[in-house]
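The structure under discussion appears below in the form of structure tokens.
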Amino acid sequence: MYLGIDLGTSSVKALLIDGDQNVVASASSNEIPIHRPHPGWSEQEPADWVSACEAVLAVLARDNGPAMAAVRGIGLSGHMHGATLIDSSDNPIRRCILWNDTRSHVEAATLDAQPEFRARTGNIVFPGFTAPKLFWVQNNEPQHFSKVRYVLLPKDYIRLWLTGEHMSEMSDSAGTSWLDTGRRDWDDSLLAHTGLERRQMPNLVEGTDSAGVLRPELAARFGLSSGIVVAGGAGDNAASACGMGIVGGDGAFVSLGTSGVLFSANDAYRPRPETAVHTFCHALPGKWHQMGVILSATASLNWLADIAGAEPADMVTELGESLLAPGPATFLPYLSGERTPHNDALVRGAFAGLGSGRKEMTQAVLEGVTFALADCRDALQATGTAVNRVTAVGGGSNSPYWRKLVASVLQIPVDVPVQGDFGAALGAARLGMAAATGSDPAGIMTPPPIEQTIEPDLSLTQAFSERLNKYRQFYPAIRSIFP
């Protein structure tokens, strides 16, 4: 048996698979609180992550004792970029500053103005990345900065709890702005720009390698055997790619989750930071991946549903089963700023062309998010990465209407996997299997069977192309009204 633990922004999920990769059991925690003490701030207590992990492992131990006793490897996945500051006693110094926190936009711009950051990391220094957050802490909370012994990413804090080791891996670390992404190692000069040294970083391994052994006391507590290997694991998107077998050869997926991602696996390192595409190490040795990232995908629909006092699924159902021509309203999904292609932490969402009511606004939200993904497609194209078809994942991909919209706007086939769990928790479990068995990762991380392929609606190609062009005129037209 192999166990995958995925630390999401809202909850923890644990997944047990057997040696044939059949899902044996899973468990999820209650929602993890997010603290927003000021506009643009987003924080969590690391202790809440541990509590959530304890809860899911306790459920698995209670309901699946023999399977838990047979676990031989554990893999970890987690939301990226979070600044988890640890003192010399391995205690958190303050709440973790999360991926969607934009307070450090000034610090990010300052670091990004140093040419070596883009040259060595292959990426813009985005406000959501880890390095500008530490720069912000140095400037605004010197009493906390002076106590920093280690800077860990969220999933690696879970590893510390599980193993006692200060370790990380390449895919997650590539999102800090401290990693030389081509060399797959920390860069001392970049660390120095934020007042840090290599000794304050976790040691690095590949995602398929061992990065510690489970503590005996935790093994006894949850009915696990001693000596279980804990794999390096992966950041959440790279772990999801492992779950879907997208580990090379330009395979791609589109994720309609809280945020939106257009992800392509690469066999070569080809950064183009000026496109605002994320170029990161993959979880497998010698592999990289690229992502266009938008900050509010299903978050945009949930925001509208909350205002309307309705369920998001009911609002989408109101649109009907057949794909509609573009509606009269246009929506910019920049509720928390945007990454690809604008790198703009201060812009906010907007509607234009409103006239009738809720149905019109729902259609505009789905179209706006999908147009933003089209921006990501074109940004990836500018790096030399052509996305010719995608596998759809994430909560929003459960909507047949949204899948048809993605296929028709991006003008590519959208594959829908058979029902099952092919997300980050499965990817983490597969990485645990690779670390424990030493097997070839390519043989472990195979694609799921496809249940359905959605082809673009060619009758709407011209209409969506024209509306996409108008959508792209909206951002520069409103940008001057924001700080």
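Residue numbers count from 1 along this sequence. All values below were derived from every heavy atom in this structure, side-chain atoms included, with hydrogens, water molecules and symmetry-related copies excluded.
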Nearest 0.5 Å please: distance from the [atom1] atom of [X] over to the [atom2] atom of [Y].
| X | Y | atom1 | atom2 | answer |
| --- | --- | --- | --- | --- |
| S104 | I97 | OG | CD1 | 7.5 Å |
| R377 | T370 | CZ | OG1 | 11.5 Å |
| C376 | M291 | SG | CE | 10.0 Å |
| H282 | T208 | NE2 | OG1 | 11.5 Å |
| D172 | N237 | CG | CG | 10.0 Å |
| R159 | L152 | CZ | CG | 9.5 Å |

Are [X] and [Y] side-chain neighbours, meaning at least one heavy-atom pair lies under 4.5 Å?
| X | Y | answer |
| --- | --- | --- |
| F331 | L304 | no |
| I307 | M361 | no |
| R149 | I86 | no |
| I93 | F145 | no |
| V277 | R272 | no |
| S255 | S240 | no |
| E141 | W136 | yes |
| L57 | L218 | no |

Could you tell me whether [X] and [Y] have a side-chain N and a carboxylate O separated by less than 4.0 Å?
| X | Y | result |
| --- | --- | --- |
| D185 | R198 | yes |
| D101 | K133 | no |
| K155 | E169 | yes |

So, does [X] use its side chain to make a donor-acceptor pair with the main chain of [Y] at under 3.5 Å?
| X | Y | value |
| --- | --- | --- |
| Q44 | W49 | no |
| S29 | A55 | no |
| H105 | P127 | no |
| T340 | V293 | yes |
| D306 | N302 | no |
| N266 | A268 | no |
| T121 | N123 | yes |

Restricting to non-hydrogen atoms, name the atom on [X] and the atom on [Y] that form the minimum distance, rounded to 0.1 Å.
| X | Y | value |
| --- | --- | --- |
| S171 | M80 | O-CE, 3.4 Å |
| S296 | V369 | O-CG2, 3.8 Å |
| S210 | A435 | N-CB, 4.1 Å |
| G243 | L426 | O-CD2, 3.6 Å |
| I478 | A350 | CD1-CB, 4.0 Å |

If the test is side-chain hydrogen bond (donor to acceptor under 3.5 Å, both in side chains), which one of H35, R103, R36 qualifies with E43?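 Looking at H35, R103, R36, the match for E43 under the side-chain hydrogen bond (donor to acceptor under 3.5 Å, both in side chains) is R103.
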Among Q114, R120, R118, which residue meets the side-chain hydrogen bond (donor to acceptor under 3.5 Å, both in side chains) test with E116?
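Exactly one pass, corresponding to R120.
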Next on the checklist: Under 6.0 Å between ring centres: does that hold for H342 and Y334?
Outcome noted: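 Close enough - the centres of the two rings lie under 6.0 Å apart.
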Do F129 and H278 have ring centroids that are under 6.0 Å from one another? yes
Please walk me through it: do C53 and W161 pass side chain to side chain contact (heavy atoms under 4.5 Å, CB included)? CA-CA 10 Å; C53 285; W161 171 67; 3.7 Å; yes
Next on the checklist: Other residues, nucleotides and ligands only: do more than 12 of their heavy atoms fall within 6.0 Å of CG on D267?
Outcome noted: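 Buried by this count: over 12 neighbours within 6.0 Å.
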Trace of the side chain to side chain contact (heavy atoms under 4.5 Å, CB included) decision for T298 with W402
CA-CA 11 Å; T298 61; W402 212 342; 4.1 Å; yes
Classify the side-chain pair [X]/[Y] by whether it contains a donor and acceptor separated by less than 3.5 Å.
| X | Y | answer |
| --- | --- | --- |
| Q290 | T279 | yes |
| T9 | W99 | yes |
| S168 | S173 | yes |
| T194 | W178 | yes |
| S42 | N100 | yes |

Tell me whether the rings of F263 and F253 are parallel (<30°), tilted (30 to 60°) or perpendicular (>60°).
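Ring orientation, 0 to 90° scale: parallel.
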Practice problem: Could you walk me through whether V390 and L410 pass side chain to side chain contact (heavy atoms under 4.5 Å, CB included), step by step? | Solution: CA-CA 10 Å; V390 291; L410 271 62; 5.5 Å; no
*asked:* Show, in sequence, the C-alpha distance, side-chain angles and deciding distance for T176 and L190, and conclude whether the side chain to side chain contact (heavy atoms under 4.5 Å, CB included) test is met.
replied: CA-CA 10 Å; T176 62; L190 301 184; over 6 Å; no
So among F371, F464, F351, which one has a ring pair (Phe, Tyr, Trp, His ring centres under 6.0 Å) with Y471?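 Exactly one candidate clears the test, F371.
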Is R184 close enough and on-axis enough to W288, meaning under 6.0 Å and within 45°, for cation-pi?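 Pair R184/W288 counts as cation-pi.
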Who are the side-chain contact (heavy atoms from CB on, under 4.5 Å) partners of N203, not counting sequence neighbours?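 Counting only residues at least two positions away or on another chain, N203 forms a side-chain contact (heavy atoms from CB on, under 4.5 Å) with M167.
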